[in-house]
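Convention: sequence-line order gives letters A, B, ...; per-chain numbering from 1.
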Number of protein chains: 2
Amino acid sequence: MKDNNDMPGHLARRFQQIAVAVFLAEVGDAGFDLTPVQYAALATIKANPGLDQVTLAGLIAYDRTTITGVIDRLVQKGLAERRASPRDRRARELEITDEGRRTLRKITPAVESAQRIMLRGLSAKEGEDLMRLLHKAIAAGNELSRAPLREVQA
Amino acid sequence: MKDNNDMPGHLARRFQQIAVAVFLAEVGDAGFDLTPVQYAALATIKANPGLDQVTLAGLIAYDRTTITGVIDRLVQKGLAERRASPRDRRARELEITDEGRRTLRKITPAVESAQRIMLRGLSAKEGEDLMRLLHKAIAAGNELSRAPLREVQA
DNA sequence: GGATATTGCTCAGTATGCTGACTATCAGTA
DNA sequence: TACTGATAGTCAGCATACTGAGCAATATCC
């Protein structure tokens, strides 16, 4: 029987597990309390001011039921705001706060450090290869999860 | 600012997300209700009869607090048994049941199919490269998560 | 215009994963 | 043997992720 450790699914889980641990450790050492998921959401809100929750979910491939709680926590920490959209009363527009902007700016070195650490076993070229292969596999499997990546349409 | 989609941590999350979705879809289509985590635990119990929970957790890099619930569910489904160890009254010995063995056997094609599907965007060589690079990165980061991989000592 | 379908969001429930704390037990040592 | 430390397991609490259901609002079609 094939070993678990030779299955891509198991390796995916392990790598993600390490990536999250490294992120939390680096960001925690820098004095911040932000998860990888919250960071990605906050950075995407900053880059796309006023976007609604479904669009945000699509941009970072989160499930729409997951994003609700993530935003709850960003709002509770004072990093983002959620307000009713004037154009569509079902939707909520998201904005980053000044506090959120400050946090993003100060947290960036720790985030970048975390990305380096999770690839520390690989040479620069190997790191690039890994990223490229992951990209390719993810692109081919994008529609297979409930929360696929969705580009913003023009 | 660097895009989320260029960060290894984000790619790790995406790949894992797709891997789980593919696994559940394939296994579900085959008529079984087993998660990737439960599958790995069950296969490892089968390969190491009588092992205790901490050893099991080490072999598949699960946290010891996570394994409790996973085993609960395997036991509840009748696929595994948990009994007190005669040698160490703190420990629980784990055994696969006949039903568990049958399930593992019948589920194998779906599991293997899932592994193929999650790499479907890659050539055979690219798939091997991805596995090798993940292995290498994981080995270097093994100690960075709370639940590192632990080999069984002789 | 009105029925129908779709969309944005939320909620309840389940399954990982983690932190931190706790109990029971075992191992080593003074 | 009593003390100390380590270990096996569980539990409470929190944060992703998902399924499926539901509500309110918008879009579409006849």
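- Contact annotation: B:Arg89 does not reach the phosphate of D:dG9 (side-chain N/O to OP1 or OP2, under 4.0 Å).
- One atom, CZ of A:Phe23, and another, P of C:dG17, lie 19 Å apart when rounded to the nearest Å.
- Neither OP1 nor OP2 of C:dC9 sits under 4.0 Å from any side-chain N or O of A:Thr68.
- In this structure, B:Thr65 reaches the bases: a heavy-atom distance under 4.0 Å links it to at least one base atom across the strands shown.
- If you check D:dA24, C:dT19, D:dA15 against the side chain of B:Asp63, the one that comes closest is C:dT19.
- In terms of phosphate contacts, B:Arg13 brings no side-chain nitrogen or oxygen within less than 4.0 Å of OP1 or OP2 of C:dG17.
- Using a cut-off of 4.0 Å between Lys/Arg side-chain N and Asp/Glu carboxylate O, B:Glu81 and B:Arg83 are scored as salt-bridged.
- As rounded to whole Å, 9 Å separates atom P of D:dC18 from atom CZ of B:Arg14.
- Between the CZ atom of A:Arg90 and the P atom of D:dA25 there is a distance of 10 Å, rounded to whole Å.
- Comparing C:dT7, C:dC18, C:dG17 by their closest approach to the side chain of B:Val37 singles out C:dG17.
- A:Asp33 has its CG atom 10 Å from the P atom of D:dT16, to the nearest Å.
- Among the protein residues, A:Gln16 comes within range of the sugar-phosphate backbone only, with heavy atoms under 4.0 Å from sugar or phosphate atoms but none that close to a base.
- Between C:dG20, C:dG8, D:dA15, one nucleotide has an atom nearer to the side chain of B:Arg146 than all others, and that is C:dG20.
- To the nearest angstrom, C1' of D:dG9 lies 18 Å from OH of B:Tyr62.
- Nearest to the side chain of B:Gln38, among C:dA15, C:dG8, C:dT10, sits C:dA15.
- Heavy atoms of B:Asp88 sit under 4.0 angstrom from primed sugar atoms or phosphate atoms, though from no base atom.
- Side-chain N/O atoms of A:Arg73 include one lying less than 4.0 angstrom from OP1 or OP2 on D:dT16.
- For the 3.5 Å distance criterion, the side chains of B:Gln17 and B:Arg14 qualify, holding a donor opposite an acceptor.
- Among the atoms of the strands shown, only primed sugar atoms or phosphate atoms (P, OP1, OP2) are found under 4.0 Å from some heavy atom of B:Val70.
- Here A:Arg82 reaches the OP1 or OP2 of C:dT10: one of its side-chain N or O atoms lies under 4.0 Å away.
- Environment of CG in B:Asp72: crowded, with over 12 heavy atoms of neighbouring residues, nucleotides or ligands closer than 6.0 Å.
- Ion pair B:Lys106/B:Glu99 not flagged as a salt bridge, since none of the NZ, NE, NH1 or NH2 atoms sits closer than 4.0 Å to an Asp/Glu carboxylate oxygen.
- Heavy atoms of B:Ala147 sit under 4.0 angstrom from primed sugar atoms or phosphate atoms, though from no base atom.
- Here the P atom of nucleotide C:dT7 and the CZ atom of A:Arg92 are 19 Å apart, to the nearest Å.
- Phosphate contact (OP1/OP2 of D:dT16, side-chain N/O of A:Thr66, threshold under 4.0 Å): absent.
- B:Ile67 has its CD1 atom 13 Å from the P atom of D:dA8, to the nearest Å.
- If you check the side chains of A:Ser113 and A:Glu26, you find a donor sitting under 3.5 Å from an acceptor.
- No hydrogens or angles considered: a donor-acceptor pair under 3.5 Å links the side chains of A:Thr55 and A:Asp52.
- Remark: A:Gln17 is in phosphate contact with C:dC18, judged by side-chain N or O atoms under 4.0 Å from OP1 or OP2.
- Within 4.0 Å of B:Arg64, counting heavy atoms only, lies at least one base atom of the nucleic acid.
- Put simply, CD1 on B:Ile71 is 13 Å from P on D:dC11, counting in whole angstrom units.
- When each of C:dG8, C:dT10, D:dG9 is scored by its nearest atom to the side-chain atoms of A:Gln53, the top-ranked nucleotide is C:dT10.
- If B:Asp52 and A:Pro36 are placed on DNA chain D by their nearest nucleotide, the residue sitting closer to the 5' end is B:Asp52.
- Here A:Arg102 does not pair with A:Asp98 in a salt bridge; the nearest charged N to carboxylate O distance is not below 4.0 Å.
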